[in-house]
Amino acid sequence: MTRSPPSKLLLKNPLLSLLQKCRTASQIFQIHGQLITTNIISNTFAASRLIAASVVSDALTMDYAELVFTQIEQPNSFICNTMIKGYIEVSNPHRAFNLYSWMQKKGVLMDNYTYPFVLKACGLMLGLQEGREIHGEVVKRGFELDLFVRNGLIGMYCRCGETICARTLFDDGSHQKDLVSWNSMIHGYVRGGEMGEAQMLFDEMPERDVFSWAMMIDGYGKKVGDIVHAREMFDNMPQRDLVSWNSMIDGYSNVGEMVAARRLFANMPEKNAISWSIMIDGYARDGNPKEALNLFRQMVRQGTKPDKVSAVGAISACAQLGAIDQGKWIHIYLSKNRITLDVVVQTALVDMYMKCGSLDEARKMFNNMSERNVISWNVMIVGLGVNGFGEEALELFAQMEMEETLMDDLTFIGVLTACSHAGLVIEGLQIFNRMRSDYRIEPKLEHYGCLVDLLGRAGKLDEAQNVIETMPMKPNSALWGSLLSACRTHRNITLAEVSLHRLAELKEDDSGVYVIMSNIYAEEGRWDGVLWIRKLMTDRRMMKETGRSVIEVDGGVEEFINGDGSHFPRQERDLVISSLSKMMVTAI
DNA sequence: TTAGGGTTAG
């Protein structure tokens with residue numbers, strides 16, 4: 001390919017003007033073909049247009065742009081800038097930065113467009129060191145006078161948490177500032193939860209736009225949970241846009257105020273998929289998966305196309321409810337509507353299938369994943385563990401080791417839980433001991449909890465007690481509770497009483513704890529103990545927590561509450577129970 | 001001679 005200046009003829013070339021209007025992949029393919037046939041592609045300007053069109057198009061991946069890019073012998077700055085921008089858009093800041101380094105190596109001159117892009121890439125990959133080097137380069141080449149570049153620098157420092165460096169640039173009076181400079185700086189403070197600083201700048205700034213307001217609402221609502229100030233901002237905002245409504249609703253949802261969130265959601269002038277996602281996720285997190293699913297169904301009915309995020313919320317609601325049919329329905333819906341099943345959605349599906357007990361589906365999904373992150377592995381290991389497939393969980397853990405996949409503390413909670421459910425005491429102990437030495441992960445309270453559970457279930461009660469008493473941090477009620485349960489299984493009254501005593505000291509002796517203790521006494525025929533506990537519970541007016549369960553009935557979710565006979569006529573219910581009991585007896 | 005920087009959800 002040769003480099004040639006664009007002739008007047010080329011500028012007017014209908015193919016190139018058409019390219020700017022192209023949005024679909026097939027349109028771009030067609031023009032690409034014609035550019036090759038006519039050899040117009042050998043012109044750098046024409047190739048730039050093609051790259052720009054493919055980067056802008058939603059239908060094409062960066063792979064396609066890369067394909068065109070690699071065929072250009074001497075890419076100019078424009079082409080490189082467009083590629084860097086494309087990489088940022090598809091959240092691949094590392095490739096963006098690599099291309100910048102490549103430009104340096106090849107001697108492609110950076111211009112005032114290159115720096116804002118590549119600085120954003122540095123901010124996104126938290127590459128402070130790289131950002132600093134570029135800052136030096138910018139100063140050396142005199143680009144710090146460019147407002148876009150300066151704002152790029154401020155943004156980069158803010159993203160990397162260096163608000164002080166950013167502020168120095170911001171406060172430098174010898175250069176002009178604009179609304180974006182102010183907003184970038186405020187955003188930096190908001191990210192770090194420094195709402196006082198953010199507020200001061202907000203009050204000082206000469207003009208504000210919807211960005212400024214939305215950031216403050218988000219900062220107060222989500223970052224620091226100060227819902228009162230967030231609402232004040234929202235109420236004072238001159239012209240609310242969709243984003244500010246979403247931010248405010250998200251703020252409420254974040255602090256668990258779902259009633260207030262729902263009220264705003266109902267009153268908002270227009271909704272998008274994000275508004276629905278916030279509510280679905282909010283309900284799912286707030287322990288109301290039933291309502292999360294209702295909203296998801298409503299969203300589909302009302303014609304808002306769910307995206308990946310809203311689907312993940314709904315899938316996790318299904319997982320909480322064990323609503324396998326609806327989970328499958330969402331899975332099919334996503335495939336039918338060509339919504340990409342990325343690693344997050346796939347992981348949510350694996351988790352859902354696991355929690356619903358469909359292990360084969362979960363395995364199939366996991367095995368077919370082209371990309372896995374640490375969460376995907378964790379979900380699989382935990383799922384196998386709690387479903388009693390401890391050995392398989394250990395195999396996966398070994399596979400992770402072999403593939404040198406990054407592990408985190410949840411991985412160890414998963415694998416230790418798996419060992420404990422499967423009675424793999426020696427394996428569990430070995431893994432626990434290797435946490436610090438081999439993986440540099442400091443065992444937390446939860447890991448000690450797993451260890452106590454592992455030993456307790458295996459009947460090694462003294463060793464479990466020893467762990468609790470010698471561990472480096474203060475044991476919590478879950479640990480003593482776990483030991484108490486183990487004492488019940490292995491009939492150890494003395495240690496059970498010690499555990500109960502410790503739980504009482506921690507003021508965590510709720511009704512559940514006493515019910516277990518009472519059962520232990522009863523199983524040993526210690527009726528004096530049973531009476532003592534019963535009296536204690538009555539004196540303290542302790543109530544047993546109401547038992548609840550949910551099942552799927554004809555595509556809906558039904559909740560059953562212990563003692564509430566309103567669902568079925570009593571006779572019918574008794575009939576079902578007795579036939580189920582018979583089936584179970586026959587099965588055994 | 002094509003383009004640019006600052007908000008929202010896992």
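Order of the sequence lines sets the chain letters (A, B, ...), proteins ahead of strands, with each chain counted from 1.
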| message | Looking at B:dT1, I'd like to know if its phosphate oxygens (OP1 or OP2) sit under 4.0 Å from a side-chain N or O belonging to A:R49. | response | no
| query | With centres under 5.5 Å and planes under 30°, do A:F45 and B:dT1 count as stacked? | reply | no
| Nearest of B:dG6, B:dA9, B:dG4 to any side-chain atom of A:V180? | B:dG6
| Proximity to DNA chain B (any heavy atom under 4.0 Å), residues of residues 113-134 of chain A only | A:Y113, A:P116, A:F117, A:K120
| query | Are A:E144 and A:Y115 linked by a side-chain donor-acceptor pair shorter than 3.5 Å? | reply | no
| query | Side-chain donor-acceptor pair under 3.5 Å between A:N294 and A:R297, yes or no? | reply | yes
| said: Quick check for you: among B:dT8, B:dG4, B:dG10, whose closest atom lies nearest to any side-chain atom of A:V312? | reply: B:dG10
| said: For a quick test of reading the model: is some side-chain N or O of A:R159 closer than 4.0 Å to OP1 or OP2 of B:dT7? | reply: yes
| request: Provide, to the nearest angstrom, the distance between the CZ atom belonging to A:F211 and the P atom belonging to B:dG6. | output: 9 Å
| said: Using whole Å, what does the distance between atom C1' of nucleotide B:dT1 and atom CD1 of A:I51 come to? | reply: 16 Å
| message | If the cut-off is 4.0 Å, is A:H187 near the phosphate of B:dT7, judged by side-chain N/O to OP1 or OP2? | response | yes
| said: Does B:dT7 have its OP1 or OP2 closer than 4.0 Å to a side-chain nitrogen or oxygen of A:K223? | reply: no
| field | Sugar-phosphate only, base, or nothing, as touched by A:N246 at under 4.0 Å among non-hydrogen atoms | value | base
| message | I'd like to know if A:D171 and A:R167 make a salt bridge, using a cut-off of under 4.0 Å between side-chain N and carboxylate O. | response | yes
| A:F170 CZ - B:dG6 C1' separation (whole Å) | 12 Å
| said: Under 4.0 Å, counting only non-hydrogen atoms across every strand here, what does A:D241 touch: a base, just sugar-phosphate, or nothing? | reply: nothing
